[in-house]
Amino acid sequence: MSYYQPEMECATRESMRALQSERLVKTVGHVYRNVAYYRQLMEERGLTPDDIRSLDDLHKLPFLTKNDLREAYPYGLLALPLEEAVRIQSTSGTTGKRVVAFYTQRDIDVWEECCARAIVAAGGSKRDVVHVCYGYGLFTGGPGLNGGSHKVGALTLPMSSGNTERQLQFMTDLSATILCCTPSYAAFLAESIEQHGIQDQLSLKAGIFGAEAWSEEMRHDIESKLNIKAYDIYGLTEVSGPGVSFECSEQAGMHVNEDHFIPEIIDPDTGEVLPDGVQGELVFTSISKEAFPLLRYRTRDLCVLTRDKCACGRTLVKMSRITGRTDDMLIIRGVNVFPSQIETVLMNAGYPANYQILVDRVHYTDTFEIQVEMTPEMFSDTVKEVEAREIELLTSMRAMLGISPKVTLVAPRSIARSEGKAVRVIDKRKI
Ligand code: DLL
């Protein structure tokens with residue numbers, strides 16, 4: 001069994017708790033001194049750093065939400081002078097203000113080490129060729145796995161996403177052994193490989209897939225088509241990026257890098273901390289980040305934590321696959337989409353709020369259509385005029401969302417009205 005940092009990945013529970021307590025106390029002091037936003041949140045609860053003496057006091061701290069991050073945009077949660085930061089990354093969604101996360105060089109090193117742990121857990125070493133086709137740029141997928149692969153010492157192919165023909169050419173010509181991308185892109189690549197009949201030219205042995213929810217069935221399908229072992233990887237920009245947790249050879253839940261991120265599961269309605277084994281909302285406290293530490297950040301992702309002994313030898317707590325979210329955020333082709341963004345575009349363009357979002361997965365690729373009712377006045381327009389309106393709306397949607405939906409204008413009152421809450425989203429993907 002190989003580990004990247006065995007002293008952390010296989011630490012005893014007692015030593016991990018001691019380390020977490022020490023780092024938590026340090027982080028709370030750091031943000032209290034340096035971030036006015038946190039100081040105010042703590043003062044509102046009558047808390048000072050003296051109240052947080054160990055892990056047992058974690059529950060006293062206030063939660064932080066995505067709204068806080070938006071409110072504090074761009075520098076409000078920065079815990080160091082800007083000159084100490086060397087990088088920003090940003091969430092894929094574009095609701096109102098983007099969420100921007102800052103990193104010092106040390107923050108990047110830690111993040112990349114977390115990704116290196118994931119690569120080694122998937123059987124990677126310096127003898128591997130790691131093909132990264134997560135997007136590069138503001139999205140954390142490409143930079144995170146790229147950095148992790150460098151740390152492992154593997155030959156790294158910084159492919160980024162798109163251009164399937166080139167992906168296949170490099171994958172075969174350069175004998176890529178580990179594929180890193182979203183599960184839906186992996187499935188799409190697998191289909192293209194079948195179509196080209198080049199399965200026997202592949203050297204792949206493993207895949208590290210995440211950034212969106214995927215099912216066990218999808219795992220089996222990708223594994224058999226590519227003849228690999230497929231590993232889940234989880235993370236979010238706010239907390240660092242991919243590598244917050246990762247799967248091991250057991251493929252039964254993801255080990256959380258607890259020496260850097262303390263996970264909790266809470267009841268999303270009451271905020272009460274729930275015991276292991278009970279599903280709830282995942283909350284993270286970062287305990288080693290310098291530039292952008294987050295205390296009790298509510299991810300809105302639903303899952304379960306377990307501390308059963310893992311046959312891989314790691315003692316890091318495991319989280320189950322993500323089973324849903326507590327908000328209405330959709331992840332379509334890897335991009336975070338909120339129905340409220342779509343509504344904003346429609347309102348700005350003078351449409352009534354009668355619309356429906358249809359999402360499906362055809363041949364492992366997400367389809368995304370927005371049907372919008374026209375006003376009776378628009379309905380009398382010529383076909384050409386309607387088409388022009390659709391194109392105009394599509395352009396605004398693309399600018400707001402960062403991906404292109406199919407936009408269809410439909411007759412007034414043709415979208416079924418609901419008796420209760422409007423059913424805006426019809427998501428037929430089986431994940
Ligand atoms: O998706 C980071 C990432 C990149 C993770 C590459 C794994 C691989 P964001 O764009 O900020 O960051 O989106 C974070 O994506 O709150 C989850 O809802 C979802 N998500 C991420 N990984 C998984 C996964 C990246 N393995 C949001 N399974 C998170 C299910 C996932 N959902």
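In each ligand, atom 1 is the first atom listed, and ligand 1 is the first ligand listed.
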> Considering distance alone, does some N or O of Thr299 sit under 3.5 Å from an N or O of ligand 1?
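No: no nitrogen or oxygen of Thr299 is under 3.5 Å from one in ligand 1.
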> Could you work out, for atom 5 (C) of ligand 1, the closest of Gly235, Ala118, Gly135 by heavy-atom distance?
Gly235
> Do ligand 1 and Ile331 have nitrogen or oxygen atoms that lie under 3.5 Å from each other?
no
> Just which atoms of ligand 1 are under 4.0 Å from any heavy atom in Thr237?
9 (P), 10 (O), 11 (O), 12 (O)
> Taking the non-hydrogen atoms of Phe209, is any one of them nearer than 4.0 angstrom to ligand 1?
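It does not; every heavy atom stays at 4.0 Å or beyond.
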> Pairing donors with acceptors under 3.5 angstrom, does anything connect the side chains of Glu113 and Gln5?
yes
> Using residues 55-64 as the side-chain source, report each donor-acceptor pair under 3.5 Å to any protein atom, sequence neighbours left out, with the distance given to one decimal.
{"residue": "Asp56", "atom": "OD1", "partner": "Arg17", "partner atom": "NH2", "Å": "3.0"}
{"residue": "Asp57", "atom": "OD1", "partner": "Lys60", "partner atom": "NZ", "Å": "3.2"}
{"residue": "Asp57", "atom": "OD2", "partner": "Arg53", "partner atom": "N", "Å": "2.7"}
{"residue": "Asp57", "atom": "OD2", "partner": "Ser54", "partner atom": "N", "Å": "3.3"}
{"residue": "His59", "atom": "NE2", "partner": "Asp56", "partner atom": "O", "Å": "3.3"}
{"residue": "Lys60", "atom": "NZ", "partner": "Asp51", "partner atom": "O", "Å": "3.1"}

> Looking at non-hydrogen atoms alone, which of Leu302, Asp301, Ile233 comes nearest to atom 29 (C) of ligand 1?
Asp301
> Short N/O distance, under 3.5 Å, between Asp232 and ligand 1?
yes
> Name the orientation class of the two ring planes belonging to Phe284 and Phe261 (parallel below 30°, tilted from 30 to 60°, perpendicular beyond 60°).
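Aromatic pair Phe284/Phe261 classed perpendicular.
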> Measure up the Trp214 and Phe209 rings against each other and bin them: parallel (under 30°), tilted (30 to 60°), perpendicular (over 60°).
perpendicular
> Would you say ligand 1 has an N or O under 3.5 Å from any N or O of Trp214?
no
> Using a strict cut-off of less than 4.0 Å between a Lys/Arg side-chain nitrogen and an Asp/Glu carboxylate oxygen, indicate whether Glu212 and Arg429 qualify as a salt bridge.
no
> Counting only heavy atoms closer than 4.0 Å, does ligand 1 sit against the backbone of Ile322, its side chain, both, or neither?
side chain
> Could you tell me whether Ala211 and ligand 1 have an N or O pair separated by under 3.5 Å?
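Yes, at least one N or O pair falls under 3.5 Å.
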> Does an N or O anywhere in Glu212 fall below 3.5 Å from an N or O of ligand 1?
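The answer is yes, given that Glu212 and ligand 1 share an N or O pair closer than 3.5 Å.
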> So that I can tick it off, tell me whether Glu238 and Lys66 are bridged by a salt bridge, with the cut-off set at under 4.0 angstrom between side-chain N and carboxylate O.
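So Lys66 pairs with Glu238 through a salt bridge.
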> Is there a donor in the side chain of Glu165 and an acceptor in the side chain of Gln169, or the other way round, less than 3.5 Å apart?
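No, no side-chain donor-acceptor contact under 3.5 Å.
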> The criterion is side chain to side chain donor-acceptor pair (under 3.5 Å); which residues satisfy it with Asp328, sequence neighbours excluded?
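In terms of side chain to side chain donor-acceptor pair (under 3.5 Å), with neighbours along the sequence ignored, Asp328 is linked to no residue.
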